[in-house]
Amino acid sequence: MKKVWSLVLAVCLLLGCFGCQNQQDALYSAAKEDGPSSSLAESSSPESGQVSENGEGTAGEKRTLTLRTIIGDMDHPVGAAPMAKQYMELHPDVEIVIPESHSGEEMVNNGDFYNQYVENLVVDLMSGEAADLVVDVGVLTPRKYVEAGVLYDIGQWMKDDPDFHEEDYYWNVFQSYQYDGQLVGVPLSFVAKSIWFNKNLVGELEYEPWELLDYKQVMELYDRAAENHTLPENFTMTYGDMRSKYSMFAEVELPAYLDPVANTARFDSPEFIHYLKESKRIPTQLPAGQTNSMTGRGVVEMFSESIREEGDTSLLLYSTVGMGEVGELMEEYDNVAGPYFLKSTQGNIPFLPLDILLVPKTCSDPELAWDFIKFCIAPVETPAMAYVWEPEGGIDMTPLTNVPMAKQNLEQWGQLYEKMYLTESERNVDFDAMEDPLPAEVFQRFDQVLSQCSGQQDLPFGLNVNVLDLLWQYYDTDTLSAEDCARQIQERAEIWLQE
């Protein structure tokens, strides 16, 4: 088997990251009552400073932006910080300063650091002391940001810019950060999720590859497998036991019961109670708050080999799909069926964003901020990959496990990453001289799925951390019934919506 490229096995303990949201809600409410600083700019267009067509300022001047991001290490492979480094290399008269530089390891291992970032973000925004550019982590909803009046409407900048063309992007993803016609946040990229089934257990599927399936359809396939086969004692729903009873479907299904724009929730509905009961049947050894993830080119092949070598110990593979895994979508196996994509019972395909950029109205140079945002998401002619393929003028903009915001970039990097996989990331390979290994059809089909993405996965941060204890009680300790869990989540959701 060809070696698995960039396989990531990670454990995310949710409770470790989200410990202080009750304090955060209080901070938001108090800050909103005080109102934003009187120094906030009222303009809706980026007019500060002078910027040339290539984004550079007047000769001899140094233009500066401050950027606050949770991972400020410019050598980190993902996010706004490394994009700032590349932008400065192309624009030597621009300096982007990150006040505090932290590594991704600090974020994972230090829950207090994450909580402190969240608290500082809201306080700084509401007091008018925020950086020129801010990376949001889903603290507030677009509605709350718009009502607070502390952010620029980036959508207006897009309309006013003759070089920005809405049809070049996954506009459906941008729309998830709109409220009342204002676009307050721009994700740099996003993540899609796929599932692949063990053919030995599900048999001939009535669903064609690339179809969207909801949790009810997946649970029906599990029931079919349990009815027709004797499942081993170590059987789990997912290959490698990657998803818990909570995390298997929650990030896709839970948002379907909340409408933060209409300020309504329906967690006390019979449909949600049914979801709780069904998801509790998922076979897994993981506690509800733990989620493992498996991604990277080659994981479907690993799943196929495990079925051959270890037997039918799992029903499906749950994996992310980004530019580095597009080649996986076209491969066929005698014992694996897919790809399929999870949708909610409302028909949505929620997505996971990476580094949502906000521009506070206190920004010292809105025009430069907009130019940097465009750089982070715009179509690129010459893709690059650090340390492996660095052609002159190349841009290395999106991690291989993510999907770019510009549609053109999906195929550009998808082909490049597949070439790297086929050559096992060897240096000094002339990738330009290689034929594109992937057919255009696979990108077209993936594009059709991505164009249906709607709404950020999981519940909004503030509500999510306030209901996790109820879900743990339901799934892990069995101290709440499905009905009581649903009722209490509804009560907390209603309070959160009115804050």
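When reading the values below, keep in mind they use all heavy atoms of this one structure, side chains included, and skip hydrogens, waters and symmetry mates.
A centroid separation of less than 6.0 Å is found between the aromatic rings of Trp472 and Tyr246. Aromatic ring centres of Tyr340 and Trp210: separated by at least 6.0 Å. Aromatic ring centres of Trp389 and Tyr417: separated by at least 6.0 Å. Between Tyr145 and Tyr179, a ring centre-to-centre spacing not shorter than 6.0 Å is recorded.
Relative to the six-membered ring of Tyr170, Lys407 meets both conditions, a distance below 6.0 Å and an angle of at most 45° to the axis. In this structure, Lys144 satisfies the cation-pi test against Trp496, with its NZ or CZ atom closer than 6.0 Å to the six-membered ring centre and inside 45 degrees of the ring normal.
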Determine, step by step, whether Lys374 and Asp161 satisfy the salt bridge (Lys or Arg N to Asp or Glu O under 4.0 Å) criterion, reporting the C-alpha distance in whole Å, the side-chain angles of both residues, the deciding distance to 0.1 Å, and the verdict.
CA-CA 10 Å; Lys374 284 195 298 181; Asp161 191 330; 2.6 Å; yes

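Side-chain contact, Tyr257 with Glu253: a donor N or O sits under 3.5 Å from an acceptor N or O. In this model, no donor atom of one side chain and acceptor atom of the other lie less than 3.5 Å apart for Asp136 and Tyr177. Residues Asp160 and Gln156 bring a donor and an acceptor atom of their side chains to less than 3.5 Å of each other. Side chains of Asp214 and Thr345: a donor-acceptor N/O pair is absent below 3.5 angstrom, by distance only.
Remark: Glu411 engages no residue in a side chain to side chain donor-acceptor pair (under 3.5 Å) (not counting sequence neighbours). With sequence neighbours excluded, the residues satisfying side chain to side chain donor-acceptor pair (under 3.5 Å) with Ser279 are Tyr475.
Side-chain N or O atoms of Asn348 include none that pairs as donor or acceptor with a backbone N or O of Pro350 at under 3.5 Å. Side-chain atoms of Trp413 come within 3.5 Å of backbone atoms of Ala384 as a donor-acceptor pair (strictly under, hydrogens ignored). Side-chain atoms of Asn172 come within 3.5 Å of backbone N or O of Ser451 as a donor-acceptor pair. Asp168 places no side-chain N or O within 3.5 Å of a backbone atom of Pro379 that could act as its donor or acceptor partner. Under a 3.5 Å cut-off, the side chain of Asp476 and the backbone N or O of Ala288 do form a donor-acceptor pair.
Residue Glu167 qualifies as enclosed at atom CD: its count of foreign heavy atoms under 6.0 Å is above 12.
Residues Gln86 and Phe375 are in side-chain contact: their nearest non-hydrogen atoms beyond the backbone lie under 4.5 Å apart. Between Leu212 and Ile349, some side-chain heavy-atom pair lies under the 4.5 Å cut-off.
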